[in-house]
Amino acid sequence: MPATYIGFDLSSSGLKCLAVTADLKPVHEEAILFDKDTPHYGVHGGVHKNEVDHEVYAPVAMWIEALDILLTQMKASGFDFSSVKGISGAGQQHGSVYWSEKAEEILASLDPKASLVDQLKDGAFTHPWSPNWQDHSTQKECEQFEEATGGGEALARITGSKAHHRFTGPQIKKFHRQNPEVYEKTARISLVSSFLCSLFLGRIAPLDISDVCGMNLWDIQGDCWDKKLLALTAEDSKSGVAGLSAKLGNVAHNMGSILGGISKWFVERFGFSSDCAILPFTGDNPSTILALPLRPLDAIVSLGTSTTLLMSTPTYYPSTEYHLFNHPTTKGLYMFMLCYCNGALAREGVRDEINKSKGVTDKSWAEFGKAVDSTQVAGRSTSSDPAKIGVYFPLPENIPSANKGTWRYNYSATDGTIKETQEGWNLPHDDVRAIIESQALSMRMRSEALLSPDAHNGHKAQPRRLYFVGGGSRNAAIMSITAEVLGGFEGAYKLDIGSNACALGASYYAAWALERKGSEAFEDYVDRYWEEETHAVRIGDAYKEGVWEEYGSVMKGFRIVEEEIMKTNSHA
Ligand code: XUL
């Protein structure tokens, strides 16, 4: 078997891994679903929920047990672990793991005859749970974070994001408020990514330079912890800032550099080579942008359960509207991210309505497609008609922080006025185009400043290439409207890289880290082996002259509509 490189993905719902060769050919995939494969933890979607306090958390022991099951399964299927030269991985972002003082010692002296979970679960942690990114319990802490820095914009300037409930800084502060003694007993705090990395390393791994930006604690431009935010998080704690700094430990600054060799437990139990190198593990979103040679200003639009826009950019242009992270492999580049709660569910709701109105009882998209084809930009018949703008949030939304609801407005571009009404709307037919347009207009509005013409050689404020992934990318109508709204001066592409983009990105990272020539950039390494024809199908032009400009005018109305909705529906 040729040398292989493994990427792991520890997500909310499961643990996956994928092995590739040095020329980036996938050779093996394995997956565990927590609900199904570790049912004794009683989780749903991999988590427990405390609805009253808006808490969402996962059992750390379940993740450890899942790793043992996954590797056992992989061995049983004949995978030769001695071929693995390097391991990297990705974790759901923002979650934290609380290690005890004994953790390092336990990790360093694991018995290969005993399971990982049995050896770790009782002594290695001070707290059995990891807060999940769906947690909304830190409103008080978020307010304190913004107050301490002079508001959301100022906090975003420092850390790349305004305060968010799920971000690790506010979560740690809440943890200390509720469990001061447990906090003091905690020797180290890992992110989910560095936690998984630690298991392989046999000691606690440093935090990753990209994933650390999901904490509201890291000063991205200063390349260090923000002292004021550390002091705020450690406020009233016995161990103070020094204690918190020690718990957080170092951040791995050298992207792609080896952290150490694999722990003996894996060598003896599964037959890994003792030369197998452990590389930094990053967040799942940063890892996803590593699944292709994504160039600066290329955008990935992920149309899954949630809607996500990911972009690599050389411009540090922070805003309260989105997130900026350090790029996981390249110093001086940043990852731009918009992460919406509403995606597929909202579109499927509209699809079901149109199907019902046509007597279609299945979940097919044909009627949805026909409704798109029989309408024009913003549901107008003539250019003097008002634009129909709809906002559809079956779930409370993050961007903007709004309650759930459905709103329909007419916008008159001639006098810039909006009216909440269904006048002139042919329902449910007109909701079809409106829902795709509104999801795309929100992304365009929020990425506009970053893509402004002076940011890249006089092109209009649009991405270079637009890459679609996720379930929605199987739907031509959804992709074409989204592309027309956002533009993309080198066209729209459908990515075909399997359903494991995040684990794939991590496996590419491991291969690049160990096999790159000198200082070869990550994108150049991936480009060497990237089969454009198989992995990225060009679906057409994204920018359509006239149409993109017309959407620019509708976006002005969309902005006013959103402000109006937020006056009475904000949940911040
Ligand atoms: C990003 C976020 C989610 C998780 C999903 O900020 O919270 O995308 O990373 O695992």
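Counting starts at 1 for both ligands and their atoms, following the listed order. Only heavy atoms go into these numbers, but all of them, side chains included; no hydrogens, no water, no symmetry mates. What you see is a predicted model, and the numbers here were worked out from it, not measured in a lab.
Close approach of ligand 1 to Met337 is summarised as follows: ligand atoms under 4.0 Å from at least one heavy atom of the residue are 1 (C), 6 (O). Close contacts between ligand 1 and Gln92 involve ligand atoms 10 (O) [criterion: under 4.0 Å to a heavy atom]. Within ligand 1, counting atoms from 1 as listed, the ones closer than 4.0 Å to a heavy atom of Gln93 are 1 (C), 4 (C), 9 (O).
Of all the heavy atoms of Asn285, the ones lying under 4.0 Å from any atom of ligand 1 belong exclusively to the side chain.
Remark: ligand 1 and His323 share no N or O pair separated by less than 3.5 Å (distance only, no angle test).
Note that Lys247 lies in the cation-pi zone of Tyr183, set by a 6.0 Å cut-off to the ring centre and a 45° limit from the axis. Arg446 forms no cation-pi arrangement with Tyr322, by the criterion of a distance under 6.0 Å to the ring centre and an angle within 45° of the ring axis.
Counting only heavy atoms of the protein, atom 7 (O) of ligand 1 lies nearest to Arg166 NE, 2.8 Å. Ranking the protein heavy atoms by distance from atom 6 (O) of ligand 1 puts His94 NE2, 2.6 Å first. Among protein heavy atoms, atom 10 (O) of ligand 1 sits closest to Asp284 OD2, 2.4 Å.
Partner Trp225 forms a side chain to side chain contact (heavy atoms under 4.5 Å, CB included) with one of Asp219, Thr233, Val251 and no other, that one being Val251. Partner of Tyr509 under the side chain to side chain contact (heavy atoms under 4.5 Å, CB included) criterion, out of Ile87, Leu504, Thr329: Thr329 alone.
For Ser137 and Lys174, the side-chain atoms include at least one donor-acceptor pair closer than 3.5 Å.
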Evaluate the criterion side-chain contact (heavy atoms from CB on, under 4.5 Å) for residue pair Phe8 and Lys16; output intermediate values, then yes/no. CA-CA 6 Å; Phe8 283 87; Lys16 296 177 192 160; over 6 Å; no

Test side-chain contact (heavy atoms from CB on, under 4.5 Å) applied to Asp298 and Arg295, step by step: CA-CA 5 Å; Asp298 284 343; Arg295 303 284 171 181; 3.3 Å; yes

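Residue contact check for ligand 1: His164 places no non-hydrogen atom closer than 4.0 Å to it.
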